[in-house]
Student: 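Quick one: this structure, given as structure tokens, is what I'll be asking you about.
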Amino acid sequence: MRGARAAALGNASVALDGDAWAVANNPAGLGSLARPTVGFYAQNRYFSAALNVVAAVVALPLGSPRGPETVAEEPGAAPVAAPAGAPAAGWARRGVVAFEAQRFGGQLYNETRVGLGYGYRLGQISVGGRLEMLQISIEGLGSRRVALASLGGQIEVLPGKLTLGVHGYNLGQARLASYQDERVPTVLRAGLAYRPTAQVLLALETEKDVERPANFKAGVEYRPVGALAARVGVASLNEEVSAGIGVRLRDFGLDYAAAFQSVLGFSQHLSVTKTWGPKK
């Protein structure tokens, strides 16, 4: 998962939309992105430089906007009703394309991902996919590259209130090496995002690596005002709790999260985004 907002919510992100980091979390969520966005993300796990993650994303809506009855003014904000008689506004008519580059690790071991994602929204349904090139490098043993494909979908069960999201990562079960039939993990996720009020978001998710036990994740986001958000989350498999804040200042967004695991300690997450162009 990418983005400090998702990290603060325990990475329960499969049903979140309108966020450029959806290119990694669930590309279907890109379909609700209304404006061009660039972003940078950094993660430090357990104060070890060998476990650092850095990523950058560029997301570009294609075509003129298609008009929904409700739109979100800022990424992650609650949808608000469009004024009566207002012109059509909302998500991009031809969908949203996004490019992401990400690197994990240090000199001895590292992973580099370069991915191209696309999300399209039509009414209450969004679909998306991502093609990714993964390179794994181990000092003294060389590198190996594989191509991965992921698919996702979202549906607003109750418009503006309840969203169901599903996502499958590495559906082709790409093989890394013939020795012991080593493969990149295939991960299936399903979850809900529920807004009981305009200020509160509840996120629930189940994640299942096909070779590991299921991971149950949950998060709560509270926005006392549109420009400020407070978040908490929990994940069952690694017994991790998290918390964070988000700030929106005009076209800039800043999100921070800290997570704690009882054995390994703290992780920190920081993401910065910039949007441009007229609000649609």
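Since the structure is predicted, the reported quantities are computational estimates derived from the model, not experimental observations. In what follows, every heavy atom counts, from backbone to side chain, and hydrogens, waters and symmetry copies are set aside.
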Student: Of the non-hydrogen atoms in Ala20 and Val57, which two are nearest, and what is the gap between them?
Tutor: O-CG2, 3.9 Å
Student: Mind checking whether Tyr41 and His269 have parallel, tilted or perpendicular rings, split at 30° and 60°?
Tutor: parallel
Student: Side chains of Trp91 and Leu122: closer than 4.5 Å at any heavy-atom pair?
Tutor: no
Student: For the side chain of Arg94 and the backbone of Leu62, is there at least one donor-acceptor N/O pair under 3.5 Å apart?
Tutor: no
Student: Quick check: do Tyr169 and Val184 have side-chain heavy atoms less than 4.5 Å from each other?
Tutor: yes
Student: With a sphere of 6.0 Å drawn around CZ of Arg212, does it hold more than 12 non-hydrogen atoms of other residues, nucleotides or ligands?
Tutor: no
Student: Between Ser242 and Ala7, is there a donor-acceptor pair closer than 3.5 Å when you use the side chain of the first and the backbone of the second?
Tutor: yes
Student: Is there a donor in the side chain of Arg2 and an acceptor in the side chain of Ser271, or the other way round, less than 3.5 Å apart?
Tutor: no
Student: Taking Val53 as the starting point, is it possible to reach Val23 by hopping between hydrophobic residues whose side chains are less than 4.5 Å apart?
Tutor: yes
Student: Supply the atom-to-atom distance Leu264 CG to Leu51 CG, rounded to the nearest 0.5 angstrom.
Tutor: 9.0 Å
Student: Can you get from Val241 to Phe47 by hopping between Ile, Leu, Val, Met, Phe, Trp and Tyr side chains that sit under 4.5 Å apart?
Tutor: yes
Student: Check this for me: Glu139, atom CD, are more than 12 non-hydrogen atoms of other residues, nucleotides or ligands nearer than 6.0 Å?
Tutor: yes
Student: Can you tell me if Glu205 uses its side chain to pair, donor with acceptor, with the backbone of Arg189 under 3.5 Å?
Tutor: no
Student: Search all heavy atoms of Gly253 against all heavy atoms of Arg248 and return the closest pair with its distance.
Tutor: CA-NH1, 3.4 Å
Student: Is there side-chain contact between Tyr194 and Val200, with heavy atoms separated by less than 4.5 Å?
Tutor: no
Student: Between Gln154 (side chain) and Leu16 (backbone), is there a donor-acceptor pair under 3.5 Å?
Tutor: yes
Student: Just wondering, do Gln173 and Val210 contact through their side chains at under 4.5 Å, heavy atoms?
Tutor: yes
Student: If you look at every heavy atom in Ser126 and Ser32, which pair is closest and at what distance?
Tutor: OG-OG, 4.4 Å
Student: Judged by atom type as modelled, is there a donor-acceptor pair below 3.5 Å linking the side chain of Lys217 to the main-chain atoms of Gly10?
Tutor: no
Student: Using every non-hydrogen atom in the two residues, find where Leu237 and Ala214 come nearest and quote the distance to one decimal.
Tutor: CD1-O, 4.0 Å
Student: Transitively linked via ILVMFWY side-chain contacts under 4.5 Å: Trp21 with Phe104?
Tutor: yes
Student: Measure the spacing between CG of Leu204 and CG of Leu164 and express it to the nearest 0.5 Å.
Tutor: 11.5 Å
Student: Could you tell me the separation between the OH atom of Tyr46 and the CZ atom of Phe260, rounded to the nearest 0.5 Å?
Tutor: 10.5 Å
Student: In Å and rounded to the nearest 0.5 Å, what is the CG to CG distance from Leu228 to Leu249?
Tutor: 10.0 Å
Student: Cluster question for you: counting only ILVMFWY and a side-chain heavy-atom cut-off of under 4.5 Å, with indirect links fine, are Ile136 and Leu141 together?
Tutor: yes
Student: With distance as the sole test, does Arg223 use its side chain to make a donor-acceptor pair with the main-chain N or O of Ala198 at under 3.5 Å?
Tutor: no
Student: Find the distance between CZ (Arg183) and CG (Asn170) and round it off to the nearest 0.5 Å.
Tutor: 9.0 Å
Student: Look only at the side chain of Ser267 and the backbone of Arg45, and say whether a donor-acceptor pair between them is shorter than 3.5 Å.
Tutor: no
Student: Applying the side chain to side chain contact (heavy atoms under 4.5 Å, CB included) criterion to His167, which one of Leu151, Leu188, Val14 satisfies it?
Tutor: Val14
Student: Say you draw a straight line from OG1 of Thr163 to CG of Asp17; how long is it, rounded to the nearest 0.5 Å?
Tutor: 6.0 Å
Student: Counting N and O atoms only, with roles assigned by atom type, does the side chain of Asn215 sit under 3.5 Å from a partner on the main chain of Ser236, one being a donor and the other an acceptor?
Tutor: yes
Student: How far apart are the closest heavy atoms of Ala174 and Val146, and which atoms are they?
Tutor: CB-CB, 4.3 Å
Student: Under 4.5 Å between side-chain heavy atoms, counting indirect links through other Ile/Leu/Val/Met/Phe/Trp/Tyr residues: same cluster for Leu202 and Ile155 or not?
Tutor: yes
Student: Taking the side chain from Arg35 and the backbone from Gly277, do they hold a donor-acceptor pair closer than 3.5 Å?
Tutor: yes
Student: Is Asn26 close to Met1 at the side-chain level, that is, under 4.5 Å between some pair of heavy atoms?
Tutor: no
Student: Between Gln124 (side chain) and Glu156 (backbone), is there a donor-acceptor pair under 3.5 Å?
Tutor: yes
Student: Give the minimum heavy-atom separation between Val58 and Val38, together with the two atoms involved.
Tutor: CG2-CG1, 4.0 Å
Student: Would you mind reporting whether Gln268 and Tyr256 have side-chain heavy atoms less than 4.5 Å apart?
Tutor: yes
Student: Can Phe99 and Val114 be said to form a side chain to side chain contact (heavy atoms under 4.5 Å, CB included), step by step?
Tutor: CA-CA 8 Å; Phe99 172 83; Val114 177; 3.3 Å; yes
Student: Within the 4.5 Å heavy-atom criterion, are Leu254 and Leu270 side-chain neighbours or not?
Tutor: yes
